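No experiment lies behind these values; they were computed from the predicted model shown.
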Amino acid sequence: MRIVFWQNCLSPHQLPYIVRLMNDDRVDEVVVVAGTSISSDRKSMGWELPHYNGIEKCQVHVMPNDKLIDSILSIRQEDSWHLFSGIRADAFVFHCINMSMRYPLRRGMVTELPCTYDFKRNIENSKPLWMHRIRFRLQDYKYAKHMKAVFAMGTAAVNYFKSINKHWDVFNFSYCTEPSIQQVSVNGKTRFLFVGSLSIRKNPIAIINAYNEMKSKELLGNIEFIGNGDLRKLLDEKIENEHLQDKITTLGKKSQTDIPHYLAKTDVLILPSLHDGWGAVVNEALQAGCYTIVSDDCGAKTLLEKDSKLGLIFNHKKTAELSQCMDYVVSNIDKIRRDRDYRKKWADAHISGRVLAKYMVDCLYSVK
């Protein structure tokens, strides 16, 4: 089998499983085609593109011209799978889909749930789900009938893509990150960490509001925020005005290679997003053994739904629920710390690149 990925950039959230596809005897060629090496948004957040062991076994093409795209599409049509990162999410990927229509190919998508964030909050391109359904019917149904498989990020995305087209196979999938081998013993008072853009969508202010409502805040060690964004100034002002400097710290942007160090020395990651297609930092946190608290509008909540040792899910509209989750962690911190190795082993068995690579190939072989 030959598998070709068409992406807007070389995704650090997909490469950890992509480079392991060649370890499967059923796969003899992997091709990655991207519009750019790393997006400007990810660069601004401190992302880098590290070397992944196994990438040398893959063919990687960045910013290819139409002649090369046509060549990649035209060969081995009978035993190739072409997996696109969405349909219209990126101009380069959409262009490649249109070029692919000249050939009788097996196509699929690797995609998140459409952004359903409240469009009244001026978040660019966000629309309620019913508007996405209408747009899909008007614009994308003609492409959907040429897709055979959808790898959807999380339960909500699976349900959405199953509901809009009955003719493709939809598989519950997840993003993937490379684990860190750092080992740090965490003790003392409970430590919380937020990692992400300081934006309305990621909702970092909710953590401070929840802290103010905690019943056991005196037992809390500290809360650290890693990231930059439009809310950085507001966040700093709120911390200063409410005299929280001894408990809450904003650390600014950090290199992606530094994040595992911070995760290794914290107890709990909090991701209170108002909307998040996935939230790959949850993968990183679990791989580091961290307990996780996520909102019900994060795609990565799927990882926590069946195992209470991994973390908690709260209603993104209810700050009181986040506060209760934080109180629970503080009251049960000894048990949570004892389960750190359990979470690492769980992550290796469920969301490692090795596991997702085999799962993807199994799914592709199951498509009729």
Side-chain angles (χ1 to χ4, degrees), residues 1-39 42-43 47-86 90 92-93 96-97 99-100 103 105-111 148-151 153 171 173-181 256-257 260 278 280 283-284 287 347-367:
M1 178 190 291
R2 173 176 179 257
I3 305 177
V4 186
F5 293 89
W6 301 88
Q7 304 178 335
N8 64 320
C9 66
L10 298 177
S11 171
H13 299 154
Q14 295 193 57
L15 282 174
Y17 76 81
I18 289 175
V19 299
R20 289 169 173 83
L21 287 166
M22 286 292 288
N23 295 338
D24 194 309
D25 292 338
R26 296 169 291 178
V27 179
D28 64 356
E29 186 178 352
V30 174
V31 184
V32 183
V33 189
T36 185
S37 58
I38 188 165
S39 68
R42 282 180 173 154
K43 282 183 181 178
W47 279 92
E48 301 170 358
L49 194 62
H51 174 78
Y52 294 92
N53 291 330
I55 192 69
E56 65 280 356
K57 298 178 183 178
C58 306
Q59 296 180 36
V60 179
H61 304 282
V62 178
M63 292 184 290
N65 57 32
D66 283 0
K67 183 177 180 180
L68 179 54
I69 293 172
D70 209 44
S71 174
I72 294 169
L73 291 167
S74 64
I75 63 174
R76 295 185 62 179
Q77 296 174 37
E78 70 286 346
D79 68 339
S80 294
W81 269 101
H82 292 263
L83 302 180
F84 298 87
S85 291
D90 175 77
F92 171 76
V93 175
C96 294
I97 287 178
M99 288 190 65
S100 81
Y103 302 98
L105 305 175
R106 289 185 296 178
R107 300 173 187 83
M109 289 194 298
V110 182
T111 185
K148 297 296 183 183
V150 179
F151 291 89
M153 300 299 170
F171 302 103
F173 205 60
S174 75
Y175 283 130
C176 182
T177 55
E178 201 72 10
S180 168
I181 59 173
Q256 188 59 27
T257 56
W278 183 255
N283 295 58
E284 293 182 273
Q287 287 171 323
D348 181 65
H350 292 83
I351 56 173
S352 65
R354 178 192 78 257
V355 171
L356 289 181
K358 180 182 182 303
Y359 173 69
M360 172 171 273
V361 179
D362 288 344
C363 292
L364 291 176
Y365 265 93
S366 73
V367 176

May I have the step-by-step check of side chain to side chain contact (heavy atoms under 4.5 Å, CB included) for S366 and F171, ending in yes or no? CA-CA 11 Å; S366 73; F171 302 103; 3.6 Å; yes
Can you check whether [Y]'s main-chain N or O pairs, donor with acceptor, with [X]'s side chain at less than 3.5 Å?
X    : Y    : result
Q77  : Y103 : no
R76  : E29  : no
S74  : S71  : yes
R354 : D348 : yes

[X] versus [Y]: any side-chain heavy-atom pair under 4.5 Å?
X    : Y    : answer
L83  : M360 : yes
P64  : F92  : yes
Q256 : P12  : no
V31  : H61  : yes
C96  : H82  : no

Under the salt bridge (Lys or Arg N to Asp or Glu O under 4.0 Å) definition, can you give me all pairs with a residue in residues 57-70, not counting sequence neighbours? D70-R102
Please give me the minimum heavy-atom distance between [X] and [Y], naming the atom from each residue.
X    : Y    : value
N53  : V19  : O-CG2, 3.5 Å
G86  : V93  : O-CG1, 3.6 Å
N65  : L68  : OD1-N, 2.8 Å
I75  : S80  : O-OG, 3.9 Å
S352 : C176 : C-SG, 3.8 Å
I18  : C58  : O-SG, 4.2 Å

Hey, what's the ring geometry for W6 with F84, parallel, tilted or perpendicular (30° and 60° as the breaks)? parallel
Can you tell me how far the [atom1] atom of [X] sits from the [atom2] atom of [Y], to the nearest 0.5 Å?
X    : Y    : atom1 : atom2 : value
C9   : Q7   : SG    : CD    : 7.0 Å
S85  : D90  : OG    : CG    : 8.5 Å
D28  : M22  : CG    : CE    : 6.5 Å
Q287 : I351 : CD    : CD1   : 5.0 Å
I3   : R26  : CD1   : CZ    : 9.0 Å
R106 : L364 : CZ    : CG    : 8.0 Å

For a side chain to side chain contact (heavy atoms under 4.5 Å, CB included) check, start with the C-alpha distance between V150 and T111, then their side-chain angles and the critical distance, and finish with the verdict. CA-CA 7 Å; V150 179; T111 185; 3.9 Å; yes
Between H13 and T177, does the side chain to side chain contact (heavy atoms under 4.5 Å, CB included) criterion hold? Intermediate values first, please. CA-CA 5 Å; H13 299 154; T177 55; 4.1 Å; yes
Could you tell me which residues satisfy salt bridge (charged side-chain N to carboxylate O under 4.0 Å, His left out) with E178, sequence neighbours excluded, listed by chain and number? R20
Step by step, would you call Q59 with R2 a side chain to side chain contact (heavy atoms under 4.5 Å, CB included)? CA-CA 11 Å; Q59 296 180 36; R2 173 176 179 257; 5.9 Å; no
Is it true that F151 and Y17 have ring centroids separated by less than 6.0 Å? no
